[in-house]
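Okay, structure first, notes after.
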Amino acid sequence: MLRVAVIGSGPSGVYTAQALVQQQAVPDVEVYVLDRLPCPYGLVRYGVAPDHEKIKSLQHTLRTVLEHPRVHFLGHVDVGTGGLDHAGLRRIFHAVVYCVGAATDRRLGIPGEELPGSRSATEFVSWYSAHPDAAAAGGFALGRSSAVVIGVGNVAVDVARILARAAGDLVPTDVPQPALEALAGSGVRDVWMVGRRGPTQAKFTTKELRELGALPGADVVVRPDELAMDPACGADPGALPAVVRRNVDVLREWSQRPVSPPDGPRRRIHLRFYLRPAELIGDARDGVRAVRFERTAPDGQGGVRGTGQYEDIEAGLVLRSVGYRGVAQPGLPFDAETGTVPNAEGRVLRDGTTCPGEYVAGWIKRGPTGVIGTNRPCAKQTVGSLLEDAPGLAGRELPEDPVAALRRAGQRPVPWPGWLGIEAAEAALGQELGRTTVKIPDWEGLLEAAQSGQ
Ligand SMILES: Cc1cc2nc3c(=O)[nH]c(=O)nc-3n(C[C@H](O)[C@H](O)[C@H](O)COP(=O)(O)OP(=O)(O)OC[C@H]3O[C@@H](n4cnc5c(N)ncnc54)[C@H](O)[C@@H]3O)c2cc1C
Ligand SMILES: NC(=O)c1ccc[n+]([C@@H]2O[C@H](COP(=O)([O-])OP(=O)(O)OC[C@H]3O[C@@H](n4cnc5c(N)ncnc54)[C@H](OP(=O)(O)O)[C@@H]3O)[C@@H](O)[C@H]2O)c1
């Protein structure tokens, strides 16, 4: 028997569990998927935007893995706290695979970043996704007419779209009721999404970009002069990667559309390029008022240089969407530069040496890029390494009952029926509010619902 702990139930954790129970080389594998939250699915539940119902429905596929007879989900188990550290886990399991994602945000490192009204996109996503940690961080400054999103990746597109979308569109989704009501009362009319480099270097993908132009109550504004600044926009389209070429086609079409008047009923999403954030302007009492950007120019090598010219964009809310960042795990090596655990094909590296029994997969292994599907081959590679090491791992005697051992280590695990209790409570809340399923946004509510399911 080989007993494996998978830490984290996001895509990489679930794909790791799947690869472990689907393989034939080591038949008698038992997998325990532990998550600090009482709910499974990681960013599929707490990151993928609520209006992306099709991608959200991937939860149904992930669910079949967590319901496999040799896979045991245990929520509300926070590795690194309450007496459960890495060494403790190694005593309970033959092997541990960390699939803990990248829980925090990258920083800009510019003056004014901490002003009230300046928040990370990570926090905003957590808030509209009902992540229980977001409840303590409070709501968002949606009263003023202008909001700036810094960064031009797919997360920036998500948060810009949620700010610009009519809240009524979100009623049929599982958005928590307090966030829905706040978005319904939002005074934001202009959303500025700003990239420090050019349109051909933007990280968003075309399908996601196009959705901005399809919002019924909003217009997208693109400046032709900023497209013209990018040498690659005018180059032979055949020389560009397909996604970049498609993005440029969409942006070019938008740049030729008429712009709705500023005081009209429609919201406006302004896509701006070649503007590098230099400073957030405001004060501690009234919060952020504007973002000061330095105009940049292409340096001919894919990067940019400053020009010494500045432009201020008014903002009552600033969302910094400049990437996620992995968090160091107690007892594991950590590369602070990349925010990942050093590894060789998923095997944890300590001082350059592999450690049989310790593995990583997903964003904590590769860094915070890639879509859900990218985690599948990543997890498979890690499981391949683990299976190669299995003969040297499986013989060790372990405590009979891992759940009892976790309890002794100070944890209060929520097993699968507890999660089913949360699902039932969220369906009931939706019915009560005249909506479909509505997420519970706080720890107390989640743990109470989990209790009712057990
Ligand atoms: C805002 C956002 C939207 C996205 N939208 C899409 C999309 O629409 N389509 C798409 O294909 N991809 C999307 N992605 C990318 C996709 O979500 C990621 O590729 C994927 O979630 C990474 O998987 P992961 O398992 O490494 O991390 P996560 O999904 O982050 O899972 C990590 C899990 O580990 C748990 N955990 C963390 N620390 C501990 C601990 N100490 N103890 C126990 N458990 C712990 C967390 O609670 C979490 O459940 C999006 C990403 C973001 C940030
Ligand atoms: N629908 C979907 O499929 C979906 C939705 C959301 C997320 N995701 C995926 O999740 C991953 C993470 O997405 P993400 O948007 O967080 O990250 P990302 O794709 O890496 O984009 C980060 C953005 O921040 C900018 N940036 C970084 N540092 C900056 C700074 N100091 N000042 C100004 N701008 C800065 C980057 O610009 P530079 O390029 O100039 O560095 C880039 O535009 C991606 O792989 C994404 O595709 C997918």
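All residue numbers refer to positions in the sequence shown, counting from 1. No hydrogens, no waters, no symmetry mates; every other heavy atom, side chains included, goes into these values. Note that ligands are numbered from 1 as they come in the structure, with each ligand's atoms numbered from 1 the same way.
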Would you mind reporting whether P298 and D230 have side-chain heavy atoms less than 4.5 Å apart? no
Could you say whether the N/O atoms of S12 and ligand 1 ever approach to under 3.5 Å? yes
Can you name the closest pair of heavy atoms from P176 and S129 and give their distance? CD-C, 4.5 Å
Tell me: protein heavy atom nearest atom 31 (O) of ligand 1, and distance? G10 CA, 3.5 Å
V155 and ligand 1 - part of the residue with a heavy-atom distance under 4.0 Å: side chain
Contact atoms of ligand 1, heavy-atom distance to G362 under 4.0 Å: 26 (O)
Who's the nearest protein heavy-atom neighbour of atom 27 (O) of ligand 1, and how far? G101 CA, 3.4 Å
Scan the protein's non-hydrogen atoms and note whether one is under 4.0 Å from atom 14 (N) of ligand 1. no
Please list the nearest protein heavy atom to atom 51 (C) of ligand 1 with its residue and the distance rounded to 0.1 Å. W363 CH2, 3.8 Å
Would you check if F140 and E123 make a side-chain contact, meaning some heavy-atom pair closer than 4.5 Å? yes
Please verify the inter-ring angle class for Y98 with H86; under 30° counts as parallel, over 60° as perpendicular, anything in between as tilted. tilted
Can you name the atoms of ligand 1, numbered from 1 with element, that are less than 4.0 Å from a heavy atom of V77? 42 (N), 43 (C)
Polar proximity ligand 1 side, L43 side, N/O cut 3.5 Å exclusive: yes
Close N/O pairs between ligand 2 and protein, under 3.5 Å:
residue: ligand 2; atom: 1 (N); partner: E208; partner atom: OE2; Å: 3.2
residue: ligand 2; atom: 15 (O); partner: N154; partner atom: N; Å: 3.4
residue: ligand 2; atom: 15 (O); partner: V155; partner atom: N; Å: 3.1
residue: ligand 2; atom: 24 (O); partner: S321; partner atom: O; Å: 3.4
residue: ligand 2; atom: 28 (N); partner: R196; partner atom: NH2; Å: 3.4
residue: ligand 2; atom: 31 (N); partner: R196; partner atom: NH1; Å: 3.4
residue: ligand 2; atom: 39 (O); partner: R197; partner atom: NH2; Å: 2.8
residue: ligand 2; atom: 39 (O); partner: K203; partner atom: NZ; Å: 3.2
residue: ligand 2; atom: 40 (O); partner: R196; partner atom: NE; Å: 2.9
residue: ligand 2; atom: 40 (O); partner: R197; partner atom: NE; Å: 2.8
residue: ligand 2; atom: 41 (O); partner: R196; partner atom: NH2; Å: 2.8
residue: ligand 2; atom: 43 (O); partner: V152; partner atom: N; Å: 3.0
residue: ligand 2; atom: 45 (O); partner: G370; partner atom: N; Å: 2.7
residue: ligand 2; atom: 47 (O); partner: N154; partner atom: ND2; Å: 3.2

Looking only at heavy atoms, is any part of Y46 under 4.0 Å from ligand 1, and if so is it the side chain, the backbone, or both, or is it neither? neither
Heavy-atom donor-acceptor pair, R70 side chain to V29 backbone, under 3.5 Å: yes
Is I55 close to ligand 1, meaning an N/O of one under 3.5 Å from an N/O of the other? no
Numbered atoms and elements of ligand 1 in range of G370, under 4.0 angstrom, heavy atoms: 15 (C), 18 (C), 19 (O)
Atom CD of residue position E67 - does it have more than 12 heavy atoms of other residues, nucleotides or ligands inside 6.0 Å? yes
With sequence neighbours excluded, what pairs up with E253 under the salt bridge (charged side-chain N to carboxylate O under 4.0 Å, His left out) test? R257
Verdict with reasoning, Y359 to V4, per side-chain contact (heavy atoms from CB on, under 4.5 Å): CA-CA 11 Å; Y359 307 89; V4 181; over 6 Å; no
Quick one: does D158 get an N or O within less than 3.5 Å of an N or O on ligand 1? no
Can you sort out the partners of D249 under salt bridge (charged side-chain N to carboxylate O under 4.0 Å, His left out), two or more places apart, ordered by chain and number? none
Hey, is R295 close enough to E226 for a salt bridge, meaning N to O under 4.0 Å? yes
Under 4.0 Å from a heavy atom of G8: which atoms of ligand 1 are those, numbered in the order shown and with their elements? 33 (C), 34 (O), 35 (C)
Looking at G42, which atoms of ligand 1 are within less than 4.0 Å of one of its heavy atoms? 29 (O), 31 (O), 48 (C), 49 (O)
min-distance protein heavy atom vs atom 46 (C) of ligand 1 -> D35 OD1, 3.6 Å
Between R435 and V175, is there a side-chain heavy-atom distance shorter than 4.5 Å? yes
Tell me which one of V100, V371, D78 gets a heavy atom nearest to atom 37 (C) of ligand 1. V100
Strictly under 4.0 Å, does any heavy atom of P11 approach an atom of ligand 1? yes
Is the ring pair Y41/W419 parallel, tilted or perpendicular, if the boundaries are 30 and 60 degrees? perpendicular
Run the numbers for me: atoms of ligand 1, each under 4.0 Å from some heavy atom of C99, listed by number. 32 (C), 33 (C), 34 (O)
Would a 4.5 Å heavy-atom cut-off, applied to side chains only, mark L2 and L386 as touching? yes
In the protein, what heavy atom is nearest to atom 6 (C) of ligand 1, and what distance, to one decimal place, separates them? V48 CG2, 3.7 Å
Can an N or O of Y41 be found at a distance shorter than 3.5 Å from an N or O of ligand 1? no
Who's the nearest protein heavy-atom neighbour of atom 44 (N) of ligand 1, and how far? R36 N, 3.0 Å
Would you call the rings of W416 and F73 parallel, tilted or perpendicular, taking 30° and 60° as the class edges? perpendicular
Report yes or no: does a heavy atom of T369 sit under 4.0 Å from some atom of ligand 1? no
Counting only N and O atoms by type, is there a donor-acceptor contact under 3.5 Å from the side chain of R276 to the main-chain atoms of E294? no
For T374, state whether at least one heavy atom is located under 4.0 Å from any atom of ligand 1. no
Only heavy atoms count here, so choose which of G47, S129, A121 is nearest to atom 3 (C) of ligand 1. G47
Hey, is ligand 1 close enough to V44 that some N/O pair sits below 3.5 Å? no
Contacts of type salt bridge (charged side-chain N to carboxylate O under 4.0 Å, His left out), residue D190, not counting sequence neighbours: R268
Identify, for atom 42 (N) of ligand 1, the protein heavy atom at the shortest distance, and state residue, atom and that distance. V79 N, 3.1 Å
Is the ring pair W363/Y324 parallel, tilted or perpendicular, if the boundaries are 30 and 60 degrees? perpendicular
Any non-hydrogen side-chain atom of E426 less than 4.5 Å from a side-chain atom of D174? no
Salt-bridge contact D35-R45 (side-chain N to carboxylate O under 4.0 Å): no
So if I count the atoms of ligand 1 from 1 in the order they appear, which ones are less than 4.0 Å from some heavy atom of Q329? 41 (N)
Write out the residue and atom name of the closest protein heavy atom to atom 53 (C) of ligand 1, then the distance separating them to 0.1 Å. Y324 CZ, 3.2 Å
Can a salt bridge be assigned to the pair E208 and R161 using a cut-off of 4.0 Å between side-chain N and carboxylate O? no
Please say whether I372 places an N or O atom under 3.5 Å from an N or O atom belonging to ligand 1. yes
Determine whether N343 and V348 make a side-chain contact, defined as any pair of heavy atoms from C-beta on separated by less than 4.5 Å. no
Number the atoms of ligand 1 from 1 as they appear, then name those within less than 4.0 Å of a heavy atom of V125, with their elements. 1 (C)
